[in-house]
Amino acid sequence: MLDIKFIRENLEVVKAGAAQKRFEVDLDLIVNLDDERRGLIKEVEELKARRNKASDEVAKLKKAGQNADATITEMRSVGDQIKSMDDRLKSLEQQLQKALLTVPNVPHPSTPEGSTPAENVSIASWGEAPKTDFKLKPHWEIAEKLKLIDFATGTKIAGSGFPVYIGAGARLQRALINFFLEEGRNRGYTEVMPPIVVNAESATGTGQLPDKEDQMYVVTRDEFYLIPTAEVPVTNMHRESVIKAEQLPIKYCAYTPCFRREAGSYGKDVRGLNRLHQFDKVELIKFVHPETSYEELESLRSDAEHLLQLLKLPYRVLLMCRGDMGFTQTKKYDLEVWSAGQERWLEVSSCSNFEAFQARRMNIKFKDGSGKPEFLHTLNGSGLALPRIVSAILENYQTDEGTVLVPSALRSYMGMDVIKSA
RNA sequence: GGAGAGGUGGCCGAGUGGCUUAAGGCAGCGGUUUGCUAAACCGCCGUACGGUUGUAAAGCUGUACCGCGAGUUCAAAUCUCGCCCUCUCCGCCA
């Protein structure tokens, strides 16, 4: 959410930003609502000031044993006016609030213009695709042959998109989770294990509600939402609070399962591990001072890249163009890993700066000794999402004997060097 | 799930309808005194949303806020109703 004052003072910038992000928003309506709101506040507060004074007078008169009926009668009608104006004000504020939630965050000047994924800018790449003299298989064939993942059984017990990992497949999951958390810890992130369901307030704080409700699994009986990412519970840890400036930056890494309905996405992508309803992810989350948030974005990205380098998986870094960035971000990088068997890039991390967009929505501030509390900036990025890393490992590290070499960084976590047929 | 107790500023804690502008204390900030430290004394000490002065930093001013939401009243921290949360005990349980 943007500040109404910021919108008023930077109307053209906000308008242009929304257009570039391809969101439709009626800013004139918002400014009009705010004008009306301010006018009404002024009126009703003047009436309230009158009433407060009159109440004092009544108290004095009564204390002196005098009659106060005239004032009381007058104030009775003032009270009615106040009530009806307060009702109108409340409804105005709700309309304004609702309208403000439709205004997207303004893209940072350093982000490229463009409206489609094709216009994202590849700013770096690392590693090289494996060169082999045999035909590389897609991960689902490898996983089936080596009995690492059982998609059909997952479909039986839950539904499609809920795979069962078995044997070395399950160990690979556990090894990756431990590896990611351990590396996060090495880079100064505090490990967190949050609830994987959240209430409506938390889901609203990070922006899942109201717009993305159809993408979440909902436990209606108890009003819980299954989290689509650890970002939701972890960012909400500091909701409604003021943090001392010297505690910044606060950095968390959290492993959670993630649940996504993926409503409306069908097609080629769903094969194998490419798109699941439940998957595992380690997320990196930062709360930072506004002055440093773009440096923090770069270091967040480098923390995520480091993991891919340790796993020796080839990847590229995309700087998202304004049209492909999403509603809440000011700047966003995607890390895409090369999946050699499918011969395609797979997104395994997206690192974003939200500036004060989430913090304002959640009321997270910081305060140094002297100044007023201010909204801080929040960032997050995957570090990393597991399924596509698993596909990349299976595909990039496969041998012509049908086995899969374990990346050297992962061997101590796996307790094995090669994944063979069980 | 059942019974009871409670929720007041950063923290502790008083407050049963109008001298409450939320007492008092602790912590914090500024100052006075003082070889230094400590103590003592004086002052400051919330958030949000408006209005207004100012280039700005900031100041002045109004309104709201005592878990949340409704209600009663000229007037609510205080009375009424609903909800949420915390603690204690009981029941169930990994």
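Here is the naming used below: chain letters follow the sequence lines, and residue numbers restart at 1 for every chain. Hydrogens, waters and symmetry mates play no part in the numbers below; they use all other heavy atoms, side chains included.
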Asker: Quick one: side chains of residues 196-204 of chain A, donor-acceptor pairs under 3.5 Å with protein atoms, not counting sequence neighbours, listed by atom name and distance.
Answerer:
{"from": "A:N199", "atom 1": "OD1", "to": "A:E201", "atom 2": "N", "distance (Å)": "3.3"}
{"from": "A:N199", "atom 1": "OD1", "to": "A:S202", "atom 2": "N", "distance (Å)": "3.0"}
{"from": "A:N199", "atom 1": "OD1", "to": "A:S202", "atom 2": "OG", "distance (Å)": "3.1"}
{"from": "A:S202", "atom 1": "OG", "to": "A:R239", "atom 2": "NH2", "distance (Å)": "3.0"}
{"from": "A:T204", "atom 1": "OG1", "to": "A:A200", "atom 2": "O", "distance (Å)": "2.7"}

Asker: Going through the distances and angles, do A:E355 and A:N105 end up as a side chain to side chain donor-acceptor pair (under 3.5 Å)?
Answerer: CA-CA 9 Å; A:E355 294 196 6; A:N105 207 352; 5.7 Å; no
Asker: Show which side-chain atoms of residues 151-167 of chain A pair as donor or acceptor with protein atoms under 3.5 Å away, not counting sequence neighbours.
Answerer:
{"from": "A:T153", "atom 1": "OG1", "to": "A:D150", "atom 2": "OD1", "distance (Å)": "3.2"}
{"from": "A:T153", "atom 1": "OG1", "to": "A:D150", "atom 2": "OD2", "distance (Å)": "2.6"}
{"from": "A:T155", "atom 1": "OG1", "to": "A:F151", "atom 2": "O", "distance (Å)": "3.0"}

Asker: State the pairing partner of B:U33; accept Watson-Crick or G-U wobble contacts with both distances under 3.5 Å, and report none otherwise.
Answerer: none
Asker: For A:A49, answer base if it contacts any base atom (sugar-phosphate contacts may also be present), sugar-phosphate if it contacts only those atoms, and nothing otherwise; contact means non-hydrogen atoms under 4.0 Å.
Answerer: sugar-phosphate
Asker: Along RNA chain B, 5' to 3', what are the outermost nucleotides having an atom less than 4.0 Å from a heavy atom of chain A?
Answerer: B:G18 to B:A75
Asker: Using the C1' atom in both, what is the distance from B:A39 to B:A48, to the nearest Å?
Answerer: 40 Å
Asker: Throw together a table of side-chain donor-acceptor distances under 3.5 angstrom for residues 373-388 of chain A, partners on residues two or more places apart or in other chains.
Answerer:
{"from": "A:H377", "atom 1": "ND1", "to": "A:S293", "atom 2": "OG", "distance (Å)": "2.9"}
{"from": "A:T378", "atom 1": "OG1", "to": "A:Q358", "atom 2": "OE1", "distance (Å)": "2.7"}
{"from": "A:N380", "atom 1": "ND2", "to": "A:E231", "atom 2": "OE1", "distance (Å)": "3.4"}
{"from": "A:N380", "atom 1": "ND2", "to": "A:E231", "atom 2": "OE2", "distance (Å)": "3.4"}
{"from": "A:S382", "atom 1": "OG", "to": "A:S350", "atom 2": "N", "distance (Å)": "3.4"}
{"from": "A:R388", "atom 1": "NE", "to": "A:N274", "atom 2": "O", "distance (Å)": "3.0"}
{"from": "A:R388", "atom 1": "NH1", "to": "A:E347", "atom 2": "O", "distance (Å)": "2.8"}
{"from": "A:R388", "atom 1": "NH2", "to": "A:N274", "atom 2": "O", "distance (Å)": "2.8"}

Asker: Pick the nucleotide of RNA chain B nearest each of A:I72 and A:E46; which residue has the one closer to the 5' end?
Answerer: A:E46
Asker: Answer with base, sugar-phosphate or nothing: what part of the nucleic acid does A:K244 contact at a heavy-atom distance below 4.0 Å?
Answerer: nothing
Asker: Return the nucleotide paired to B:U63: Watson-Crick means purine N1 to pyrimidine N3 with N6-O4 or O6-N4, wobble means G-U with N1-O2 and O6-N3, both under 3.5 Å.
Answerer: B:A48
Asker: How far, in whole Å, is B:G6 from B:U61 if one measures between their P atoms?
Answerer: 40 Å
Asker: Does B:A76 have a Watson-Crick or wobble mate here (both distances under 3.5 Å), and if so which one?
Answerer: none
Asker: Taking B:G10 as the reference, what is the distance to B:A70 when you measure between their C1' atoms (whole Å, please)?
Answerer: 31 Å
Asker: Say you draw a straight line from CZ of A:R171 to CE of A:M414; how long is it, rounded to the nearest 0.5 Å?
Answerer: 6.0 Å
Asker: Which part of the nucleic acid, if any, lies within contact of A:D56, taking any heavy atom under 4.0 Å across all strands shown: a base, the sugar-phosphate backbone alone, or nothing?
Answerer: nothing
Asker: Determine the interatomic distance between P on B:G1 and the same-named atom on B:G71; round to the nearest Å.
Answerer: 30 Å
Asker: Select base, sugar-phosphate, or nothing to describe what A:K62 touches, counting heavy atoms under 4.0 Å on all strands.
Answerer: base
Asker: Going by the rule side chain to side chain donor-acceptor pair (under 3.5 Å), which residues pair with A:T229 if we only count those two or more places apart in sequence or in a different chain?
Answerer: A:K281
Asker: For B:G54, which nucleotide is its Watson-Crick or G-U wobble mate, given both distances must be under 3.5 Å?
Answerer: none
Asker: Taking a pair as Watson-Crick or G-U wobble with both distances under 3.5 Å, which nucleotide is matched to B:A23?
Answerer: none
Asker: Considering only atom C1', compute the distance from B:U86 to B:C68 and round it to an integer number of Å.
Answerer: 15 Å
Asker: Taking A:K137's backbone N and O only, do any of them form a donor-acceptor pair with A:Q398's side chain (distance below 3.5 Å, no angle check)?
Answerer: yes
Asker: Given that both distances must come in under 3.5 Å, which nucleotide forms a Watson-Crick or G-U wobble pair with B:A38?
Answerer: none
Asker: Which atom pairs, one a donor and one an acceptor, fall under 3.5 Å between side chains of residues 24-48 of chain A and the rest of the protein, sequence neighbours left out?
Answerer:
{"from": "A:D26", "atom 1": "OD1", "to": "A:D28", "atom 2": "N", "distance (Å)": "3.4"}
{"from": "A:D26", "atom 1": "OD1", "to": "A:L29", "atom 2": "N", "distance (Å)": "3.1"}
{"from": "A:N32", "atom 1": "ND2", "to": "A:D28", "atom 2": "O", "distance (Å)": "3.4"}
{"from": "A:D34", "atom 1": "OD1", "to": "A:R37", "atom 2": "NH1", "distance (Å)": "2.3"}
{"from": "A:D34", "atom 1": "OD2", "to": "A:R8", "atom 2": "NH1", "distance (Å)": "2.4"}
{"from": "A:D34", "atom 1": "OD2", "to": "A:R38", "atom 2": "NE", "distance (Å)": "2.9"}
{"from": "A:D34", "atom 1": "OD2", "to": "A:R38", "atom 2": "NH2", "distance (Å)": "3.4"}
{"from": "A:D35", "atom 1": "OD1", "to": "A:R8", "atom 2": "NH1", "distance (Å)": "3.2"}
{"from": "A:D35", "atom 1": "OD1", "to": "A:R8", "atom 2": "NH2", "distance (Å)": "2.6"}
{"from": "A:K48", "atom 1": "NZ", "to": "A:D86", "atom 2": "OD1", "distance (Å)": "3.4"}
{"from": "A:K48", "atom 1": "NZ", "to": "A:D86", "atom 2": "OD2", "distance (Å)": "3.3"}

Asker: Considering only the P atoms, how many Å lie between B:A77 and B:C65, rounded to the nearest integer?
Answerer: 7 Å
Asker: Mind checking who B:C68 pairs with, Watson-Crick or G-U wobble, both distances under 3.5 Å?
Answerer: B:G82
Asker: Taking for each residue the nucleotide of RNA chain B bearing the nearest heavy atom, is the 5' side occupied by A:R51 or by A:K48?
Answerer: A:K48
Asker: Any base atoms under 4.0 Å from A:K53, or only sugar-phosphate, or nothing? Heavy atoms, all strands.
Answerer: nothing
Asker: Expressed in whole Å, how much space separates the C1' atoms belonging to B:A27 and B:C12?
Answerer: 10 Å
Asker: When the C1' atoms of B:A23 and B:G9 are considered, how many whole Å apart are they?
Answerer: 13 Å
Asker: With both distances kept under 3.5 Å, what pairs with B:G17, Watson-Crick or G-U wobble?
Answerer: none
